[in-house]
Every structure is written in structure tokens, then in C-alpha cells.
Amino acid sequence: METSKRLQSLDILRGVTVAGMLLVNSPGSWQYVYPPLDHAAWHGWTPTDLVFPSFLFCVGAASALSLSTPKAGQKLHIARRAAALIALGLFLQALPYFDLAHLRLPGVLQRIGVCYAAGAFLFLLTARRDAEGRRTVNIWPLAIIIALLLASYWVLLTYVPVPGFGAGRLDSLGSLPAYIDRRVFGLDHMWIYGTTEGHGVTYDPEGLLSTLPAIANVLFGMIAARIAQCGAPQQTWATVLGIGAALIAVGLALHPLLPINKRIWTSSFAIFSSGAAMALFGLLILVAQAPSAVRAAYPFRVLGANAILAYVISWLMEIVAGLALIATPNGSIGLQTWTFNLIRGAVLPDPYQASVACALMVVAFITLLLIPLNARGVYLRL
């Protein structure tokens with residue numbers, strides 16, 4: 001029963017992050033977005049900046065549970081799953097025209113695949129075995145690895161000179177992650193919105209070097225899962241919440257030395273965002289003790305149980321919304337703009353309210369699509 005409640009809390013957390021992802025990625029108009037629903041321009045953070053690292057945290061927590069039972073071919077399964085995530089990410093980014101000359105190579109699913117594989121193999125390398133032969137998270141080795149990852153990345157950002165810019169630059173043009181992405185991927189294969197004024201495309205928020213500290217978010221999730229398993233939920237929720245709060249404090253304390261920055265995933269951001277996810281996980285362990293709260297969180301559990309499929313559907317919807325044209329007296333406009341104008345004209349005159357209403361409709365629509373699949377036990381497993 002206690003294990004079930006812990007799994008419910010993880011499903012709810014994953015569902016909250018997926019709902020947040022859908023909400024921030026689906027406004028009626030990108031011109032009218034409330035600041036908390038948009039990323040920080042560069043240094044600093046908003047709630048939106050915490051969505052992706054929270055999902056990586058969930059990947060780590062779920063991996064610690066799913067890999068606890070030794071199975072034949074487990075390492076090959078990890079490699080295949082990581083490859084499938086990367087391939088799916090590239091496929092979605094190639095849609096609808098498959099312009100390979102301008103295909104973005106980094107991406108959200110690609111980073112999830114790499115971080116999942118790294119975290120899973122580190123778990124297998126460091127795990128303990130209990131009396132029944134099951135693997136359990138070995139907290140201290142993972143904590144040391146996290147410290148080494150984040151300290152190494154900090155050193156790289158601070159002391160490695162970038163040709164033409166020098167060392168210690170943390171801007172979108174002269175930082176080491178931005179430089180490496182330009183050299184490795186090339187401008188035609190990076191995020192088209194990762195620009196610097198006067199220079200065009202210069203960085204990718206899911207780039208190569210900045211994936212290194214993102215692995216720490218996965219490992220923090222594994223540690224949180226282990227702590228949650230160490231006792232009754234009535235006691236462990238406070239421990240998980242307390243550690244999360246401490247990590248938030250550490251991340252904020254480091255901000256003057258190394259700014260919190262999602263775009264290049266600074267070490268302070270990895271700590272701060274992991275703390276936020278861990279604190280919320282602790283609260284949800286407590287919430288999951290109340291059957292009424294679990295029932296109320298059913299939409300989040302549906303999204304959390306089929307997170308990758310929800311992401312794929314949202315991506316396909318965005319493509320359709322961009323391609324579909326609606327005839328109006330003033331000419332043809334995209335489906336997204338037409339829907340935004342309809343809500344703004346008929347229901348919510350305020351453009352910001354109309355924009356967020358469109359996003360909420362997307363969240364509700366995808367959730368409704370997944371409910372019958374969830375009832376039948378149909379999930380997208382890679």
C-alpha cells in the first residue's frame with residue numbers, strides 16, 4: 001500500500017510537469033504570454049523554467065524503481081530506450097517537411113534519452129543489493145557523482161577560454177556551451193530561436209555541453225526515490241521536502257557566484273531546479289495519503305502515466321495548427337490564430353486571458369484523449 005502511494009505521488013508529479021509543459025508550449029498567441037508562463041530571458045528563472053528539469057527528476061525517480069529488479073538484457077534495454085527517445089525527437093523535429101539540411105539535432109527528447117541512459121548506467125554501476133537480490137540506490141556514490149558533475153561544469157564555464165571571447169563568459173554568444181554547439185552542430189542544426197541580437201543563431205538550450213549538468217537532475221530524482229522508500233510515507237515526505245528546500249536555498253545562494261540559468265543549465269540551476277522538484281515530490285507523497293486528493297489528481301495521473309504520448313500529441317497538434325488555414329473576410333489565417341481570435345472576440349477580450357485559455361483547452365483536450373487509453377492500459381513505452 002505504501003509503495004503504491006509513492007508511485008501515485010510520482011505519477012502525479014510527472015503529470016503536473018507534463019501539464020505545465022503543455023500549458024507553456026500552447027498559448028493562443030506568443031505575443032500575449034503571462035511572464036510566469038514564459039522562460040526567463042537569460043539569467044534568473046520563472047516557473048516555466050522548472051518544467052523540463054522536473055521531468056528529468058521524474059525520469060530518475062522512475063528509473064530507480066523500474067531498474068531495481070535485475071533482468072536479462074537490462075543494459076541493452078537501456079541503450080535501446082535511449083536510442084528510441086533520440087530517434088523520436090529527431091523524427092518529430094523533421095516534421096512536416098523533412099528538411100534534413102536544417103534539421104535541429106539537439107532537442108527535448110534527445111536530452112531525455114541521453115540523461116536517462118547516463119543516469120540508468122550510473123545507477124547500475126553504483127547500486128547496492130538487498131537480501132533478496134534487488135538493487136537499491138546507493139545514495140552517497142550518486143551524491144559524489146552529482147558534486148563532480150556540477151563542479152566540473154562550473155570549472156568549464158568559468159576557466160576554459162572560448163576562442164575569440166576568453167574565459168568566464170556566460171552570455172548567449174561567448175559562453176562555452178554556445179561555442180561548442182556552434183562548432184559541433186553548426187548553425188543550420190540548432191534551435192532557430194536561440195539567437196543573440198546582431199548575430200543570429202548562437203546557442204541551443206538543449207545543447208551538448210549543457211546536457212552534462214542535466215544528468216544531475218536525473219540522479220537527484222533517483223536519490224529522492226530511495227529516500228521515499230526508506231520508511232513510511234508519513235515520515236519520508238518531510239525528509240524529501242526538507243532536502244528539496246535545502247537544495248533550493250543552496251541554488252539561490254550560489255546565484256550571485258554562478259547565475260541560475262536554464263538556457264545553459266548552470267550548476268546553480270541544476271541544484272535549484274532539482275530542489276524545487278524534490279520539494280514538490282515530498283508534498284505529493286503527503287497528498288497521496290488522502291484518497292480524495294488522489295482522486296482529484298486523476299487528470300495529472302493520466303498525463304503522468306502517458307507522458308511521452310502526451311508530448312507527441314502536443315507536437316503534432318502544433319504542426320497541424322501551423323499548417324491548417326481558415327478562410328476569413330480578411331484572408332486566410334492559421335488555426336491557432338483563428339482560435340485565439342474567436343475566444344478573444346466572443347469570450348475573453350483580454351488577449352493574455354484568451355491566450356492562456358487556448359493553452360488550457362489544449363491541456364484538457366489531450367487529457368481527454370488519454371483517459372480512455374489509460375482505462376484500457378494503453379501506454380506509449382519506448
Side-chain angles (χ1 to χ4, degrees), residues 1-15 17-18 53-85 112-146 149 214-241 243-244 247 274 277-278 280-282 284-286 288-289 294 301 304-308 377 379-382:
M1 183 66 173
E2 291 178 355
T3 299
S4 174
K5 289 179 179 179
R6 270 186 280 263
L7 290 174
Q8 286 177 337
S9 63
L10 180 57
D11 268 346
I12 295 171
L13 175 59
R14 189 162 44 202
T17 63
V18 173
S54 295
F55 191 83
L56 290 176
F57 177 92
C58 293
V59 168
S63 298
L65 298 173
S66 65
L67 296 172
S68 61
T69 303
K71 298 176 183 177
Q74 209 159 33
K75 293 180 181 178
L76 182 58
H77 171 75
I78 292 170
R80 285 176 175 171
R81 189 179 186 205
L85 284 165
I112 292 174
V114 172
C115 291
Y116 160 74
F121 283 122
L122 286 171
F123 169 78
L124 295 182
L125 181 65
T126 61
R128 290 177 174 174
R129 295 291 186 104
D130 61 19
E132 298 176 353
R134 292 172 59 86
R135 299 189 187 98
T136 59
V137 173
N138 199 352
I139 292 178
W140 287 111
L142 288 188
I144 292 171
I145 291 171
I146 288 171
L149 282 172
I215 296 170
N217 293 79
V218 173
L219 300 182
F220 273 121
M222 291 181 173
I223 290 174
R226 175 56 184 157
I227 295 171
Q229 289 178 306
C230 288
Q234 293 86 346
Q235 287 80 46
T236 57
W237 74 268
T239 303
V240 175
L241 173 61
I243 295 174
L247 290 174
S274 295
M278 192 175 293
L280 182 55
F281 183 43
L284 291 175
I285 293 173
L286 176 63
Q289 306 311 300
V294 174
R301 290 192 286 125
N306 232 331
I308 298 299
Y379 307 105
L380 177 59
R381 304 294 191 201
L382 297 177

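Fair warning: this is a prediction, and the values are worked out from it, not measured in the lab. Sequence positions, counted from 1, serve as the residue numbers for this chain.
- When all heavy atoms are compared, the tightest approach of Thr236 to Cys230 is CG2-C, 4.3 Å.
- One finds the CH2 atom of Trp140 at 9.0 Å from the CD1 atom of Ile223 (value rounded to the nearest 0.5 Å).
- Applying the side-chain contact (heavy atoms from CB on, under 4.5 Å) criterion to Leu241, with sequence neighbours excluded, gives Trp237, Ala279, Leu283.
- The two residues Ala307 and Val18 have their closest heavy-atom pair at CB-CG2, 3.6 Å.
- Each side chain to side chain donor-acceptor pair (under 3.5 Å) pair with one or both residues in residues 71-85, not counting sequence neighbours, appears once here: Gln74-Arg135.
- Every residue two or more places apart in sequence or in another chain that forms a side chain to side chain donor-acceptor pair (under 3.5 Å) with Asn217 is listed here: Trp265, Ser273, Ser274.
- To the nearest 0.5 angstrom, Phe281 atom CZ is 11.5 Å from Ile243 atom CD1.
- Taking 4.5 Å as the limit, every side-chain heavy atom of Leu142 sits out of range of all side-chain heavy atoms of Phe220.
- Partners of Val218 by side-chain contact (heavy atoms from CB on, under 4.5 Å), not counting sequence neighbours, listed by chain and number: Leu56, Cys115, Met222.
- Phe55 CZ to Ile308 CD1: the interatomic distance, rounded to the nearest 0.5 Å, is 4.5 Å.
- Ala277 approaches Leu13 most closely through the heavy-atom pair O-CD2, 4.1 Å.
- Using a 4.5 Å heavy-atom threshold, the side chains of Leu10 and Leu284 count as separate.
- A distance of 12.0 Å separates CD in Gln8 from CD1 in Ile285, rounded to the nearest 0.5 Å.
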List the steps and the verdict of side chain to side chain contact (heavy atoms under 4.5 Å, CB included) for Val294 and Arg301.
CA-CA 9 Å; Val294 174; Arg301 290 192 286 125; 3.6 Å; yes

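- Residue pairs meeting the side chain to side chain donor-acceptor pair (under 3.5 Å) criterion with at least one member in residues 115-125: none, sequence neighbours excluded.
- Listed by chain and number, the residues in a side-chain contact (heavy atoms from CB on, under 4.5 Å) with Ile144 are Leu148 (sequence neighbours excluded).
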Residues 58-70, side-chain donor-acceptor partners within the protein, below 3.5 Å, at least two apart:
residue : atom : partner : partner atom : Å
Ser63   : OG   : Val59   : O            : 2.7
Ser66   : OG   : Ala62   : O            : 3.2
Ser66   : OG   : Ser63   : O            : 3.3
Ser68   : OG   : Leu65   : O            : 2.8
Ser68   : OG   : Arg134  : NH2          : 2.9
Thr69   : OG1  : Arg134  : NH1          : 2.8

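- Expressed to the nearest 0.5 Å, how far CG of Leu286 lies from CD of Gln235 amounts to 11.0 Å.
- Here the closest non-hydrogen pair linking Ala118 and Ile215 is CB-CD1, 3.7 Å.
- To the nearest 0.5 angstrom, Ile139 atom CD1 is 12.5 Å from Leu219 atom CG.
- Using a 4.5 Å heavy-atom cutoff, the side chains of Ile227 and Val137 are not in contact.
- Considering every non-hydrogen atom in both Gly304 and Arg14, the closest pair reads O-NE, 2.8 Å.
- Pairs engaging residues 118-133 under the side chain to side chain donor-acceptor pair (under 3.5 Å) rule: Arg128-Asn138 [sequence neighbours left out].
- Closest approach of Ala79 and Phe121 over heavy atoms only: N-CZ, 4.5 Å.
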